[in-house]
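Presented below is the structure to which this report refers.
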Amino acid sequence: MNAQLTPALANGDLDAFWMPFTANRQFKANPRLLAKASGMHYWTADGREILDAVAGLWCVNAGHGRREITEAVTKQLGTMEFAPTFQMGHPIAFELANRLAKLSPPGLDRVFFTNSGSESVDTALKIAIAYHRARGAGQRIRFIGREKGYHGVGFGGMSVGGMVNNRKFFGSSMVPGVDHLPHTLSIEHNAFSRGLPQWGAHLANELERLIALHDASTIAAVIVEPISGSAGVILPPIGYLRRLREICDKHDILLIFDEVITGFGRIGKPFAAQAFDVTPDLMTTAKGLTNGAIPMGAVFAHRKIYDAFMQGPENTIELFHGYTYSAHPVACAAALATLDVYAKEGLLSRAASLAAEWEDAVHSLRGLPHVIDVRNYGLIGALELEPRAGKPGARAFEVFLECFERGVMVRQTGDTIAMSPPLIVESKQIARMVETLAAAVRHIA
Ligand code: PXG
């Protein structure tokens with residue numbers, strides 16, 4: 001018999017919390033409550049052990065309940081729970097920025113702190129526009145995003161994003177002057193590719209078409225995820241990102257990589273920019289930065305961008321942007337402890353050493369009923385299911401529920417099941433994830 005970890009919720013107790021990105025009524029009719037976490041596992045409120053195949057929500061890269069992080073947070077709370085960073089500073093904010101600068105791709109050694117991925121994205125977009133203005137190119141105000149892109153839920157991120165449901169409910173409340181590249185998901189050409197797909201580098205050339213339409217002189221930046229997570233794990237075709245970089249360089253357009261998911265070791269290097277050897281001008285991060293323990297995000301800017309702002313009288317604020325909690329001391333402490341754990345345990349390269357095993361494991365799902373694609377890179381894997389007729393997403397949602405019943409937490413988006421386990425995952429746990437997913441897919445059929 002499982003021990004109850006938290007008191008059962010009385011009827012109606014679930015009403016007040018308006019849950020994010022959740023079917024509230026469906027959830028509240030049959031809630032899935034998590035009450036405890038350690039290592040690779042959660043425990044439900046009624047004491048069931050759940051293997052975490054998604055690192056919480058792609059963020060708990062070093063596994064749950066890391067003592068080092070808890071201690072650093074506790075110590076910081078006892079020393080100084082808050083300090084402003086507007087016209088003031090505190091030492092560990094600078095220490096953290098320096099540590100991050102050492103991990104970053106070449107040149108991206110200036111760090112602006114935020115509290116989430118959405119804030120990182122909106123910050124990067126604003127920096128891009130203000131950068132061009134600072135250089136006398138104030139007419140460069142357009143952005144190019146990509147279909148199926150997810151860049152968080154702020155007005156900027158929503159506008160450059162390309163997830164239809166995240167946009168259509170909000171009318172015309174979009175940042176003006178945004179256009180979108182085509183997405184790179186092609187099951188027709190690339191189904192069951194192992195790692196990066198061969199077909200599709202030419203899709204980057206669409207950027208030339210959009211530039212011809214809008215004129216380069218009006219475009220501030222192109223923003224893409226090196227690997228899309230939320231849209232269901234969409235990989236860049238071989239050569240695609242490099243081509244985007246070349247076109248941006250040719251037209252003096254900034255390239256922003258949204259590394260909220262790929263950052264901090266998810267694909268075997270600190271950042272995807274390093275894994276793919278393509279360096280953006282701005283890089284947005286969040287999730288893995290504090291191992292999910294305290295909300296925090298960071299925008300990495302190329303030094304040339306920072307330097308462009310450091311002109312004019314020295315007593316003027318160079319960038320009219322920031323958050324009360326930018327570089328919050330408790331978040332800084334959590335991030336520093338997280339980076340220590342990553343370094344001590346080699347976690348930022350661990351996905352590379354597990355990648356082949358992970359690839360074989362997820363591709364063993366090929367051939368199961370209704371599986372129309374399997375995609376993988378680093379420690380990311382996805383299973384694409386054929387939608388039920390007239391009910392998009394229903395089959396994958398049932399698989400997600402079935403996996404949870406069987407003790408494994410995966411993530412469902414549309415008709416995709418995504419997995420992105422903590423980077424501490426062991427072989428037997430990889431096997432368990434895949435076996436459970438296979439059993440769930442067969443059960444649902
Ligand atoms: N950019 C990218 C690339 C993301 O994946 C954000 C920005 C926004 O981050 P915040 O911290 O504001 O949520 C994200 C977030 C999923 C899933 O199921 C993915 C995200 C969030 C929630 C669920 O794939 N990504």
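Indexing begins at 1, ligand by ligand and atom by atom, following the structure's order. Source: prediction; values computed, not measured.
Classified by interplanar angle (parallel below 30°, tilted 30° to 60°, perpendicular above 60°), the ring pair His189/Trp199 is parallel.
Residues in residues 410-419 take part in these side chain to side chain donor-acceptor pair (under 3.5 Å) pairs, two or more places apart or across chains: Glu384-Thr416.
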### Query
Taking it one step at a time, do His321 and Tyr323 satisfy ring pair (Phe, Tyr, Trp, His ring centres under 6.0 Å)?
CA-CA 7 Å; His321 179 75; Tyr323 304 96; 5.2 Å; yes
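Phe113 has its ring centre no less than 6.0 Å from the ring centre of Tyr325.
Residues that satisfy the ring pair (Phe, Tyr, Trp, His ring centres under 6.0 Å) test with His64, not counting sequence neighbours, are Tyr42.
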What donor-acceptor contacts under 3.5 angstrom involve side-chain atoms of residues 255-266, with partners at least two apart or in another chain?
unit_1, atom_1, unit_2, atom_2, d
Asp258, OD1, Val260, N, 3.2
Asp258, OD1, Thr284, OG1, 2.9
Asp258, OD2, His151, ND1, 2.8
Glu259, OE1, Thr262, OG1, 3.0
Glu259, OE1, Ala272, N, 2.7
Glu259, OE2, Ala272, N, 3.2
Glu259, OE2, Ala273, N, 2.8
Arg266, NH1, Leu379, O, 3.1
Arg266, NH1, Ser420, O, 3.4
Arg266, NH1, Pro421, O, 2.7
Arg266, NH2, Asn61, OD1, 3.2
Arg266, NH2, Ser420, O, 3.3
Arg266, NH2, Pro421, O, 3.0

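When heavy-atom distances to ligand 1 are checked against 4.0 Å, the residues falling inside are Leu57, Trp58, Ser116, Gly117, Ser118, Tyr150, His151, Gly152, Glu225, Ser230, Asp258, Val260, Ile261, Lys287, Arg411, ordered by chain and number.
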